[in-house]
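I have placed the structure first, in the form of structure tokens, so that the comments after it can refer back to it.
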Amino acid sequence: MRYELVIFDNDGVLVDSEPIANTIMAEYLTELGHPTSYQECLRDFMGAAMHRVHDLVEERTGEKLPPDFDERYYERVFAAFEQELEPVQGVENVLGKLVADGVPYCVASSGSHERIRVGHRRTGLDQWFEENWIFSAEDVGQGKPAPDLFLLAAERMGVAPERCVVIEDSPLGVEAARAAGMDVYGFTSMMPADRLTGATGCFSDMSQLRELLA
């Protein structure tokens with residue numbers, strides 16, 4: 001394999017959480033007087049850290065979201081995760097192949113550490129990730145599209161950025177990976193390939209990823 005480290009995004013790549021989380025985000029923002037559709041959430045917030053939600057709402061409306069917005073949002077999301085969340089189909093086969101081949105991997109997510117842990121416990125993916133293989137936007141000053149998170153993951157895992165590959169499903173994530181000097185493959189389950197500009201390549205099914213990484 002030509003890469004020494006595979007860095008996975010979490011939401012939409014490891015766990016099928018994007019439909020759940022963005023539906024709840026759209027509903028909650030609308031409740032608060034900021035009418036937002038599901039598609040608008042995908043366009044504006046998919047792959048982003050929570051501060052982007054606050055920043056865009058304030059930029060567009062001149063109003064700040066409530067101080068407890070994140071807490072209340074995550075309460076709803078985690079409750080829905082416990083009822084609905086599933087792993088992305090085929091991702092455990094990919095992880096199993098990486099383990100069998102002795103290829104290191106980790107996760108670098110815009111979500112909080114708590115969000116990652118809740119999702120992994122619910123889907124059983126916690127068995128595939130040691131604690132020191134998990135990186136969150138909480139660990140860096142700037143989230144995606146800044147390269148900081150991916151660069152941190154590479155540094156902590158002891159691999160040069162040019163020897164890493166990122167698996168992403170959002171334009172912000174692709175931009176961040178390219179800014180970090182890494183190859184990046186775009187997963188098109190939620191976002192069409194023409195939105196993932198700059199990706200090294202795109203794939204629509206996890207069964208295709210193993211060949212791309214070979």
Side-chain angles (χ1 to χ4, degrees), residues 6-29 31-32 34 36 38 41-42 44-58 64-88 91-92 95 104-157 166-170 172-173 176-177 187 189-190:
V6 181
I7 304 175
F8 290 94
D9 176 43
N10 187 59
D11 294 290
V13 172
L14 296 175
V15 295
D16 193 16
S17 54
E18 294 289 12
I20 299 170
N22 283 284
T23 295
I24 292 171
M25 178 67 76
E27 292 173 349
Y28 190 24
L29 287 174
E31 283 177 25
L32 292 173
H34 307 293
T36 307
Y38 172 74
C41 278
L42 292 181
D44 294 337
F45 306 132
M46 185 172 162
M50 285 296 288
H51 68 79
R52 181 177 173 87
V53 181
H54 290 263
D55 292 345
L56 283 183
V57 169
E58 185 172 5
K64 291 182 179 293
L65 290 170
D68 63 350
F69 176 84
D70 292 13
E71 179 183 355
R72 300 295 175 232
Y73 168 70
Y74 280 128
E75 284 177 357
R76 299 183 186 199
V77 168
F78 295 163
F81 278 3
E82 291 298 336
Q83 298 297 319
E84 306 172 44
L85 190 63
E86 298 291 340
V88 168
V91 76
E92 290 187 88
L95 296 173
Y105 61 88
C106 65
V107 57
S109 172
S110 292
S112 65
H113 278 283
E114 184 180 13
R115 176 171 174 160
I116 298 167
R117 286 195 295 269
V118 168
H120 285 196
R121 283 198 302 268
R122 159 64 189 175
T123 59
L125 292 182
D126 53 345
Q127 66 181 310
W128 294 98
F129 289 90
E130 296 185 13
E131 188 63 31
N132 60 346
W133 298 354
I134 297 174
F135 305 96
S136 161
E138 292 180 324
D139 303 326
V140 294
Q142 298 183 83
K144 304 169 189 177
D148 304 37
L149 179 56
F150 291 138
L151 291 173
L152 175 69
E155 178 185 0
R156 295 278 179 85
M157 298 295 289
V166 176
I167 313 304
E168 264 288 354
D169 69 334
S170 73
L172 293 176
F187 184 38
S189 64
M190 293 287 295

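Note that the coordinates shown come from a computational prediction; the quantities given were computed from them, not determined experimentally. Note that the numbering runs from 1 along the sequence shown for the chain. In what follows, every heavy atom counts, from backbone to side chain, and hydrogens, waters and symmetry copies are set aside.
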If every non-hydrogen atom of A80 is compared with every non-hydrogen atom of I24, which pair is closest and at what distance? CB-CD1, 3.8 Å

Hey, does V88 have a side-chain heavy atom less than 4.5 Å from the side chain of F187? yes

Are side-chain heavy atoms of Y105 and F129 found at a separation under 4.5 Å? yes

Stepwise, does the side-chain contact (heavy atoms from CB on, under 4.5 Å) test hold for L125 with L95? CA-CA 10 Å; L125 292 182; L95 296 173; 4.3 Å; yes

Close side-chain approach of R115 and E138, heavy atoms under 4.5 Å: no

Report yes or no: does S136 contribute a side-chain atom to a donor-acceptor pair with the main-chain N or O of G111 at less than 3.5 Å? yes

Looking only at heavy atoms, which two atoms of A21 and Y73 are closest? And how far apart? O-OH, 3.2 Å

In Å and rounded to the nearest 0.5 Å, what is the CG to OG distance from N22 to S17? 8.5 Å

For the residue pair N10 and V15, establish whether any side-chain heavy-atom pair is separated by less than 4.5 Å. yes

Between the CD atom in E75 and the CG atom in D70, the distance rounded to the nearest 0.5 Å is 11.5 Å

Residue pair A26 / C41: nearest heavy atoms and the distance that separates them: N-SG, 3.6 Å

Please examine the side chains of M157 and W133, heavy atoms only from C-beta on, and report whether any two atoms are closer than 4.5 Å. yes

Keeping the roles fixed (side chain from S110, backbone from G47), state whether a donor-acceptor pair exists under 3.5 Å. yes

Under a 4.5 Å cut-off applied to non-hydrogen side-chain atoms, are N132 and R156 in contact? no

Kindly compute the distance separating CD (E18) from OG1 (T23), expressed to the nearest 0.5 Å. 10.5 Å

Checking E71 side chain against D68 main chain: does a donor-acceptor pair fall under 3.5 Å? no

Please report the interatomic distance CE(M25) to OG1(T36), rounded to the nearest 0.5 Å. 9.0 Å

Looking at CE of M46 and NZ of K144, how far apart are the two atoms once the value is rounded to the nearest 0.5 Å? 10.0 Å

Run the side-chain contact (heavy atoms from CB on, under 4.5 Å) check on V140 and F135 step by step: do they pass? CA-CA 9 Å; V140 294; F135 305 96; over 6 Å; no

Taking the six-membered ring of Y28 as reference, does the NZ or CZ atom of R76 fall below 6.0 Å from its centre and within a 45° cone about the axis? yes

Would you mind reporting whether Y74 and V118 have side-chain heavy atoms less than 4.5 Å apart? no

Do the rings of F78 and F81 sit parallel, tilted or perpendicular, given the 30° and 60° boundaries? tilted

Under the 3.5 angstrom rule, does the side chain of R52 hit a backbone N or O of D44 as a donor-acceptor pair? yes

Atom pair CG/CG of L85 and D11 - distance to nearest 0.5 Å: 8.5 Å

If I compare all heavy atoms of T123 with all of P87, which pair ends up nearest, and what's the gap? CG2-N, 3.5 Å

Ignoring hydrogens, what is the shortest heavy-atom contact between D9 and V13? Give both atom names and the distance. O-CB, 3.4 Å

Ring geometry between H54 and F69 (parallel below 30°, tilted from 30 to 60°, perpendicular above 60°): perpendicular

Passes side-chain contact (heavy atoms from CB on, under 4.5 Å), F45 versus L29? Steps please. CA-CA 12 Å; F45 306 132; L29 287 174; 3.9 Å; yes

So which atom in R122 and which in E82 form the shortest heavy-atom distance, rounded to 0.1 Å? NH1-O, 3.1 Å

One pair to check against salt bridge (Lys or Arg N to Asp or Glu O under 4.0 Å): R117 and E114. What are the steps and the verdict? CA-CA 5 Å; R117 286 195 295 269; E114 184 180 13; over 6 Å; no

